[in-house]
Amino acid sequence: MFAQITLNVDRPDPGFTVPYKAVVTTQERKFVVKLVDGRAKWVDVKTGFTGKEKVEITGDLKDGDKLVKQANEEMKEGATLPVKQ
């Protein structure tokens, strides 16, 4: 037998859902790469709920911010990033 439930959870901080590959995890930190004026900015995040292909993140982000979908730590902070339209 299986049961299906809906669990309402209060979230202390509003979060965003991003692809797993958008979050970079190193020994020192967990971050996403945000595009600011054509340059890379590392933004520290905390992860929350995870789904099949996405993960919830919270950090110094707001609606409309542009994040790199497949980020890595070789994208140095301040580096110019090409943007696909």
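These values consider heavy atoms only, across backbone and side chains, with no hydrogens, waters or symmetry-generated copies.
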*Would you call F49 and T17 a side-chain contact if the rule is heavy atoms closer than 4.5 Å?*
no
_Residues in side-chain contact (heavy atoms from CB on, under 4.5 Å) contact with T50, at least two apart in sequence or another chain_ = Y20, V55
I'd like a table of donor-acceptor pairs (distance under 3.5 Å, sequence neighbours excluded) in which one partner is a side-chain atom from residues 34-42, with atom names and distances.
{"unit_1": "R39", "atom_1": "NH1", "unit_2": "G78", "atom_2": "O", "d": "2.9"}
{"unit_1": "R39", "atom_1": "NH1", "unit_2": "T80", "atom_2": "OG1", "d": "3.0"}
{"unit_1": "W42", "atom_1": "NE1", "unit_2": "M75", "atom_2": "O", "d": "2.7"}

*Would you say D60 has more than 12 foreign heavy atoms packed within less than 6.0 Å of its CG?*
no
*Say whether V18 and V68 are linked into one hydrophobic cluster, either directly or through other cluster members, by side-chain heavy-atom distances under 4.5 angstrom.*
no
*Using the test side-chain contact (heavy atoms from CB on, under 4.5 Å), find all partners of K30 that sit at least two apart in sequence or belong to another chain.*
V23, T25, V45, T47
*asked:* Using 0.5 Å steps for rounding, measure from the CG atom of D63 to the CZ atom of F16.
replied: 4.5 Å
*Where do V33 and L81 land on the side-chain contact (heavy atoms from CB on, under 4.5 Å) test, with the steps shown first?*
CA-CA 10 Å; V33 179; L81 297 177; 4.1 Å; yes
*Could you tell me which non-hydrogen atom of L67 sits nearest to which non-hydrogen atom of I57, and how far apart they are?*
CD1-CD1, 4.4 Å
*asked:* Among residues at least two apart in sequence or on other chains, which ones pass salt bridge (Lys or Arg N to Asp or Glu O under 4.0 Å) with K52?
replied: none
*Answer whether the closest heavy-atom distance between the side chains of D44 and F31 falls below 4.5 Å.*
yes
*With sequence neighbours excluded, tell me which residues meet side-chain hydrogen bond (donor to acceptor under 3.5 Å, both in side chains) with K76.*
none
*What is the minimum heavy-atom distance between A71 and A22, and which atoms define it?*
CB-O, 3.7 Å
*Above 12 or not: heavy atoms from other molecules or residues under 6.0 Å from CD of E73?*
no
*asked:* Taking transitive links into account, so neighbours of neighbours count too, which hydrophobic residues share a cluster with I5 at under 4.5 Å side-chain distance?
replied: none
*Student check: side-chain heavy atoms of V32 and D65 closer than 4.5 Å*: no
